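All values reported here derive from a predicted model rather than from experimental measurement. Proteins come first, then strands; the chains are lettered A, B, ... in the order of their sequence lines, and each starts at number 1.
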2 protein chains.
Amino acid sequence: MTGTTRTPRERYRQQVREEVKEKAWQQIAGSGASALSLNAIAKQMGMSGPALYRYFANRDELITELIRDAYRSLADAFIAADSGGAGRPGLAGLARVLRGWALEDPHRYFLIYGTPVPGYHAPQDITAISTELMAVLLETCTAAAGPAAEPDPFDRHLADHREWAASHPDAPPSALHLALTFWSRLHGVLSLELAGHFTGMGLDPALFYEAEVDRIMTPDPLTAR
Amino acid sequence: MTGTTRTPRERYRQQVREEVKEKAWQQIAGSGASALSLNAIAKQMGMSGPALYRYFANRDELITELIRDAYRSLADAFIAADSGGAGRPGLAGLARVLRGWALEDPHRYFLIYGTPVPGYHAPQDITAISTELMAVLLETCTAAAGPAAEPDPFDRHLADHREWAASHPDAPPSALHLALTFWSRLHGVLSLELAGHFTGMGLDPALFYEAEVDRIMTPDPLTAR
DNA sequence: CACTCTGGTTATAGCCTCTAACAAACACAA
DNA sequence: TTGTGTTTGTTAGAGGCTATAACCAGAGTG
């Protein structure tokens with residue numbers, strides 16, 4: 001509807017770019033992003049080396065594009081869950097979406113949340129997607145966070161440091177805190193799981209993930225320890 | 001005392017290996033592990049390319065060595081904290097040690113906990129170090145975990161899946177759960193912080209870290225939400 | 001002293017990224 | 001239809017990397 005390519009040349013160009021990215025994802029799945037080779041992709045597509053530089057200025061541009069697509073895909077998954085027919089998903093729903101998305105393609109997850117490349121700075125339009133993502137999370141968190149109990153010290157810090165939550169100027173600090181907690185705790189479990197740090201330990205990461213989700217939403221009543 | 005090199009040849013060999021690793025760390029700090037170049041290191045040391053292959057069979061062996069050293073260093077930090085003169089450090093102490101160690105050299109942290117290299121499997125002696133680490137954590141967690149409250153579902157799972165906690169056969173499931181929680185939650189915050197995902201958000205990662213530490217040790221009483 | 005083992009050297013193969021120079025094909029207007 | 005500029009492909013090549021091979025000098029050792 002929007003970006004429908006005008007000229008057939010543009011059209012073809014887009015097709016090739018897409019095919020390149022497709023092969024790129026395959027390569028990444030096989031040998032990781034650092035081993036991605038424009039040359040190999042070109043050969044795979046039956047064209048010779050430098051041809052690809054007509055489509056991507058350099059390796060970095062391709063990778064940036066992949067990162068953008070990855071972010072976009074995650075954001076879309078969140079948005080779809082949020083505005084899907086079946087009522088609001090709630091934090092548990094978002095958590096499920098997040099894990100599903102991550103397991104679907106771990107390398108894609110690490111492209112976003114893995115080891116940063118020194119010197120790399122995401123272009124502005126990518127960070128925009130990530131704030132889009134955060135907006136959905138904040139929306140859900142303001143709905144989930146009950147009317148303020150007495151704020152803990154970090155809540156008080158957040159009350160004064162909420163630039164990142166500009167999309168929800170009325171969300172209480174406890175909601176911001178909840179969003180950060182959701183993000184960091186689930187990332188903690190997921191990234192350890194996907195990196196294989198649980199393999200051989202004999203525990204079921206899915207259950208651990210669920211346990212964390214439960215405790216994000218309803219912190220233990222004082223019974224425990 | 002132990003590994004004191006016998007022959008002066010061995011001695012020299014070790015010196016060179018150490019110098020190589022040193023330059024390697026510098027390179028990693030500058031351009032990340034994936035950009036590490038044996039060639040460049042060799043030149044930096046005034047010798048020509050292939051010479052280094054007398055000391056390391058290949059790039060992978062060097063990196064493995066760096067990973068080993070990284071693990072060793074973290075484990076030693078934990079052990080030192082645990083058996084240091086000033087009484088047991090407790091979970092908060094370990095958390096402080098962990099963060100200090102991570103900030104000291106983020107690339108070293110990511111060498112252990114960052115994006116995994118597809119196909120790479122850590123040799124057995126490295127995983128041994130990581131269980132050493134886990135042992136210190138478990139020790140502290142059994143001391144910290146109060147006598148069992150009623151176990152949550154994941155506790156029950158852990159009761160049957162505790163191979164990884166072989167060092168502490170008598171630790172209650174709640175202690176194992178606590179250890180996992182410590183590990184994954186703090187990794188969550190740290191890895192987001194070190195990867196720069198908090199930059200520009202305007203919040204203080206150190207405070208968030210502290211907040212998480214607090215909630216690991218004393219989950220919110222039912223007041224909150 | 002001779003002999004071996006070690007640590008260095010150059011040469012080379014085979015990857016890679018990326019630039020330059022050139023050729024064919026296409027789009028389109030006169 | 002013919003001419004012209006743009007796009008997309010080609011090969012050649014510079015310069016980087018890993019890694020192997022072949023060779024040579026010096027250190028230890030019988």
Side-chain angles (χ1 to χ4, degrees), chain A residues 3-67 111 117-120, chain B residues 3-67 111 117-120:
Chain A
T4 34
T5 45
R6 4 191 188 294
T7 136
R9 267 214 157 133
E10 264 304 307
R11 191 187 197 68
Y12 176 69
R13 188 180 178 74
Q14 285 305 330
Q15 276 184 13
V16 175
R17 278 178 69 98
E18 283 311 315
E19 190 179 344
V20 170
K21 291 201 267 180
E22 206 172 298
K23 307 281 184 196
W25 282 116
Q26 292 173 13
Q27 266 202 22
I28 287 180
S31 358
S34 61
L36 195 160
S37 150
L38 285 200
N39 224 326
I41 292 176
K43 279 187 198 164
Q44 231 182 96
M45 292 177 57
M47 51 167 113
S48 225
L52 287 202
Y53 288 82
R54 297 289 178 193
Y55 297 91
F56 297 91
N58 49 40
R59 215 184 89 118
D60 269 21
E61 189 184 297
L62 172 55
I63 292 185
T64 299
E65 192 78 3
L66 297 178
I67 294 177
L111 215 46
V117 185
Y120 176 83
Chain B
T4 34
T5 45
R6 1 188 192 298
T7 135
R9 267 215 157 133
E10 264 306 305
R11 192 185 195 72
Y12 176 68
R13 186 178 179 76
Q14 285 304 332
Q15 275 184 14
V16 174
R17 280 178 68 100
E18 283 310 314
E19 191 180 344
V20 170
K21 291 202 268 180
E22 207 171 297
K23 306 279 184 198
W25 282 117
Q26 291 172 13
Q27 266 204 20
I28 287 181
S31 358
S34 60
L36 195 160
S37 149
L38 285 199
N39 224 328
I41 292 175
K43 278 186 197 163
Q44 229 182 96
M45 293 178 56
M47 49 167 114
S48 225
L52 286 202
Y53 287 83
R54 298 290 180 193
Y55 297 91
F56 296 91
N58 49 41
R59 216 183 89 117
D60 269 22
E61 188 184 297
L62 171 56
I63 292 186
T64 298
E65 193 79 2
L66 297 179
I67 295 178
L111 216 47
V117 185
Y120 176 84

Open item on the list: Quick check for you: to the nearest 0.5 Å, what is the distance between A:Ile67 atom CD1 and A:Leu62 atom CG?
Closed with: 10.0 Å

Task: For atom OH of B:Tyr12 and atom P of D:dG26, their distance in whole Å - done: 14 Å

Open item on the list: So if I take every side-chain heavy atom of B:Ala40 and compare against D:dA19, D:dG9, D:dC17, which nucleotide ends up nearest?
Closed with: D:dC17

Open item on the list: In whole Å, I'd like the distance from the NZ atom of B:Lys43 to the C1' atom of D:dC17.
Closed with: 9 Å

TODO: Consider the side chain of A:Tyr53, meaning its heavy atoms from C-beta on, and name the nucleotide among C:dT10, C:dC18, C:dG7 that approaches it most closely.
DONE: C:dC18

Task: Rounded distance (nearest 0.5 Å) linking atom CG of A:Leu36 with atom CD of A:Gln26 - done: 11.0 Å

Task: Nearest-0.5 Å distance, CD of residue A:Glu22 to CG of residue A:Leu66 - done: 11.5 Å

TODO: Take the protein atom CD of B:Glu19 and the nucleotide atom P of C:dG7, then report the distance between them rounded to whole Å.
DONE: 15 Å

Open item on the list: Please report the distance, rounded to the nearest Å, between CG in B:Leu36 and P in D:dA19.
Closed with: 11 Å

- [ ] Please round to the nearest 0.5 Å and tell me the distance separating atom OG of B:Ser34 and atom CD1 of B:Ile28.
- [x] 9.5 Å

Task: Among C:dT9, C:dC18, D:dT8, the one nearest B:Met47 by side-chain distance - done: C:dT9

Open item on the list: Quick check for you: among C:dA20, C:dG7, D:dT18, whose closest atom lies nearest to any side-chain atom of B:Ser37?
Closed with: D:dT18

Open item on the list: Among C:dT17, D:dT18, C:dA21, which nucleotide has an atom closest to any side-chain atom of A:Arg54?
Closed with: C:dA21

TODO: Find the distance B:Leu52:CG to C:dT6:P and express it as a whole number of Å.
DONE: 18 Å

TODO: Grab the CZ-C1' distance between B:Arg13 and C:dC5 for me, whole Å please.
DONE: 12 Å

Task: First of A:Pro50 and B:Arg59 reached from the 5' end of DNA chain D, by closest nucleotide - done: A:Pro50

Open item on the list: I'd like to know if the side chain of B:Arg17 and the backbone of B:Tyr55 have a donor-acceptor N/O pair within less than 3.5 Å.
Closed with: yes

Task: Selected nucleotide, minimal atom distance to A:Tyr55 side chain, candidates D:dT11, D:dA21, D:dG9 - done: D:dG9

Task: Rounded distance in Å - CD (A:Gln14) to C1' (D:dT7) - done: 15 Å

- [ ] Give the rounded distance in Å between these two atoms: CZ of B:Arg11 and P of D:dG28.
- [x] 13 Å

- [ ] Name the nucleic acid region contacted by A:Asn58, choosing base, sugar-phosphate or nothing; use a 4.0 angstrom heavy-atom cut-off, strictly under.
- [x] sugar-phosphate

Open item on the list: Regarding A:Arg9, tell me which of base, sugar-phosphate or nothing describes its non-hydrogen contacts under 4.0 Å with the strands shown.
Closed with: base

